[in-house]
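Reading through the structure tokens given below for one structure.
In each ligand, atom 1 is the first atom listed, and ligand 1 is the first ligand listed. Because the structure is predicted, anything quoted here is derived from the model rather than measured.
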Amino acid sequence: MAMERRELGNTGLRLSCVGFGASPLGNVFGRVYPVAAVAAVRRALDLGINFFDTSPYYGGTVSEAVLGECLSEIGAPREEIVVSTKCGRYADGFDFSAERVSRSVDESLARLKLDYVDILHCHDIEFAPSLDQIVNETIPALQKIKEKGKARFIGITGLPLQIFTYVLDRVPPGSVDVILSYCHYGINDLTLADLLPYLKSKGIGVISASPLAMGLLTENGPPEWHPASEELKSACRAAAAHCKKKGKNISKVALQYSLMNKEISTVLVGMNSPEQVEENVAAALELSNVGIDEGLVREIEEILEPVKNQTWPSGIQES
Ligand code: NAD
């Protein structure tokens, strides 16, 4: 059985419901050797994943370069894959100016060894000096990039959900095609759900990233840099331990939970090995064939109830 594909807003793109988040290829969650990276990307393609997301920020350009190397070594047919990258956020800080993002896309294309990306996102726009810069300067610059054929569609990403409505209410229709939200549609935080009718009414495609809450909902736990409060980390640890005691894996059920809402076109999971790819694809297929373990979901929800929808500050306004 093939993995489900879903329409991405009005773009005409059809994305595998599980997308390959390539931030781990930038060694963001620990060292990934090139052999493992190629094997992970190859397995993803073999198992029907057609969407790959990266950024010049991940690992200070390493993720883009490694993904580019993997795709070219494998020889993935360009028209069969959907590649997104980002601009505006870099290892040395943020710059959403027209000049920087125009240069950035050329640098990204060189690293990715591609002539165009399918989606170019403004990365974490809550860190722009003002969201009006995104509306008045960055998005118009990205339209020019689109006109030159270097990106087919334009997106915006970030953590606080209000950034999306702020920008989408102010830009001309059709200038932003997609949003990428993270850590807001999962078993511990479901706040993106409230925004879905608004996004649908505007024909905006919805990418939801980090169903494992950037490692919180894994047996190994999150990396050192994870911004969650100790209370949230410890509740997630307890939920993972509960699942393990029952012989279940919290990551599987967490991914399945995020996949259940078909208004979300794709759920981006960070992956760094063929084994993780196989586990995540198997989780999606099991969801389609058998459904989710509802009893386990209720037990996890109960453990996470005290931290339900708890998030962390992100961006200029919130820090
Ligand atoms: P995630 O919630 O997908 O968690 C990734 C972690 O889970 C990694 O440590 C990975 O090795 C591990 N993992 C994956 N599958 C597993 C499995 N089956 N069992 C156990 N552990 C497993 O978080 P993420 O990687 O931050 O998010 C996914 C992707 O979404 C990123 O790679 C990136 O492409 C994108 N993203 C974008 C933004 C943004 O634009 N601002 C923010 C976050 C994520």
Review point. Looking only at N/O atoms, are A213 and ligand 1 under 3.5 Å apart anywhere?
Key: yes
Review point. Considering only heavy atoms of T218, which atoms of ligand 1 have at least one such atom less than 4.0 Å away?
Key: 7 (O), 21 (N)
**Study point:** Parallel, tilted or perpendicular, as decided by the 30° and 60° cut-offs, for the rings of F94 and F127
**Key:** parallel
Check your understanding: Can we say K86 and D53 salt-bridge, meaning some charged N sits less than 4.0 Å from an Asp/Glu carboxylate O?
Key -> yes
Revision key, fill the gap. Counting heavy atoms under 4.0 Å, the part of N280 that contacts ligand 1 is side chain
Point to revise | Contacting atoms of ligand 1, where contact means under 4.0 angstrom from a heavy atom of A209 | key: 30 (O), 35 (C), 36 (N), 44 (C)
Check your understanding: Going by the atom numbers of ligand 1, which of them fall below 4.0 Å from some non-hydrogen atom of Q276?
Key -> 10 (C), 11 (O), 12 (C), 13 (N), 14 (C), 15 (N), 16 (C), 21 (N), 22 (C)
Point to revise | Per-atom contacts, ligand 1 versus S23 - under 4.0 Å to a heavy atom | key: 25 (O), 31 (C), 32 (O)
Point to revise | Straight-line distance of L268 CG to S84 OG, nearest 0.5 Å | key: 6.5 Å
Check your understanding: So which of S210, G186, S84, A40 gets nearest to atom 44 (C) of ligand 1, if we judge by its closest heavy atom?
Key -> S210
**Study point:** Flag side-chain contact, heavy atom, 4.5 Å: E263 against V206
**Key:** no
Exercise for review: For the pair D95 and R103, find out whether any cationic side-chain nitrogen is under 4.0 Å from an anionic carboxylate oxygen.
Suggested key: no
Check your understanding: Counting from 1, what ligand 1 atoms have a heavy atom of K86 closer than 4.0 Å?
Key -> 40 (O)
**Study point:** Nearest candidate to atom 42 (C) of ligand 1, where distance is taken over non-hydrogen atoms, out of F51, F29, Y182
**Key:** Y182
Check your understanding: Between D124 and ligand 1, does any nitrogen or oxygen pair lie at a separation below 3.5 Å?
Key -> yes
